[in-house]
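Scroll down for the structure; my scribbles are underneath it.
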There are 2 protein chains.
Amino acid sequence: MTDKDLTIQQVAGLTGLSVHTLRYYEKIGLMEPIRRAKNGHRSYHMDDMEWIRLIVRLRSTGMPIVEMQRFADMMRMGNAGISRRRALLEEHEQKLMLQAKELEDTLAVLRDKIAYYRAWESGEHSG
Amino acid sequence: MTDKDLTIQQVAGLTGLSVHTLRYYEKIGLMEPIRRAKNGHRSYHMDDMEWIRLIVRLRSTGMPIVEMQRFADMMRMGNAGISRRRALLEEHEQKLMLQAKELEDTLAVLRDKIAYYRAWESGEHSG
DNA sequence: GTACAACTTAGAGTGCACTCCAAGTCAATA
DNA sequence: TATTGACTTGGAGTGCACTCTAAGTTGTAC
């Protein structure tokens, strides 16, 4: 309705999700039903955007959809769900810290091998 | 044959892969055909282990199987494949650096929300 | 000798997260 | 008035990476 509302296409552009995925996430209850314009089209508001950006973050760092659904359910419980929401986020935090460690380890292995290959390549050159 | 050889079960235990997955990886050419004992059972050697640990690392940091297959093919090319192997690892390195950044950003968001929830919870307590 | 466990194979089945399709509605433009 | 394009829906299809099944073989323990 107002200037600030966004079409599904625009939200896709802003979030990196496809329009298919946006509809899919709504269908499976990962988002509250989005308000519709008079013609039936989805009309995304700023609060929707904030939530979408959060779940995009959670997804891209490996949280499975069922877990995000649980989180969404806890949002619907209002204040009653706050400590459970915190627990869920803390669990994800722990996983991310492990992930970060593994990532650093793998980066070290990669750099080692790259250096080795590079040395071999320049030896080949002069040999 | 020697004491150092390992059964598929042992390799599964050491690498975290299932025996199913180990056979699957061999079938799709992600590993060279593993030597067989007289009874036809797979007999893993130390060089196999090193390779398996590498591909486990690459998988767990998000490299798709087709890409690891390409890498395995380059291994079979011997020295001729070295610079292409380096290029592939450098590409993965770039992706991991982006991944690490996103992970840190998400950790920051998570900690922010956790702190917010925690504050709310203690307010609730005393209020 | 027979039960059992650990292995073998080809191929079928599963779970996840999308991704697409067909048919229809609506508003604007030629 | 007819076409275009962006949207709507329920439901089917896809791709990836396993994961499991069925049937068979082999070696050890009772």
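Labels below follow one simple rule: chain letters A, B, ... track the order of the sequence lines, proteins then strands, and each chain is numbered from 1.
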Heavy-atom contacts, protein to nucleotides 4-14 of chain C, under 4.0 Å, summarised as B (base), S (sugar-phosphate only) or - (none) per nt, yield ---SBB-B---

State whether B:Lys95 and B:Glu90 are salt-bridged, where the test is any N-O pair (Lys NZ or Arg NE/NH1/NH2 against Asp/Glu carboxylate O) under 4.0 Å.
no

Distance-only, no hydrogens or angles: does the B:Glu93 side chain make a donor-acceptor pair with backbone N or O of A:Leu107 under 3.5 Å?
no

Would you call B:Gln10 and B:Thr7 a side-chain contact if the rule is heavy atoms closer than 4.5 Å?
yes

Under the rule for side chain to side chain donor-acceptor pair (under 3.5 Å), what residues qualify as partners of A:Glu91, not counting sequence neighbours?
none

Sequence neighbours excluded, the answer for ring pair (Phe, Tyr, Trp, His ring centres under 6.0 Å) partners of B:Phe71 is B:Trp51

With A:Thr15 via side chain to side chain donor-acceptor pair (under 3.5 Å) - residues at least two apart
none

Taking the minimum atom-to-atom distance to the side chain of B:Thr21, which one of C:dC18, D:dC18, C:dC20 wins?
D:dC18

Return the value, rounded to whole Å, for the distance between atom OH of A:Tyr24 and atom P of D:dG11.
16 Å

With A:Glu104, which residues qualify under salt bridge (Lys or Arg N to Asp or Glu O under 4.0 Å), at least two apart?
none

Within residues 63-74 of chain B, residues whose heavy atoms come under 4.0 Å of DNA chain D:
B:Pro64, B:Ile65

Does the side chain of B:Tyr25 get closer than 4.0 angstrom to OP1 or OP2 of D:dC18 through an N or O atom?
yes

Under 3.5 Å, is there a donor-acceptor pair linking the side chains of B:Ser43 and B:Arg35?
no

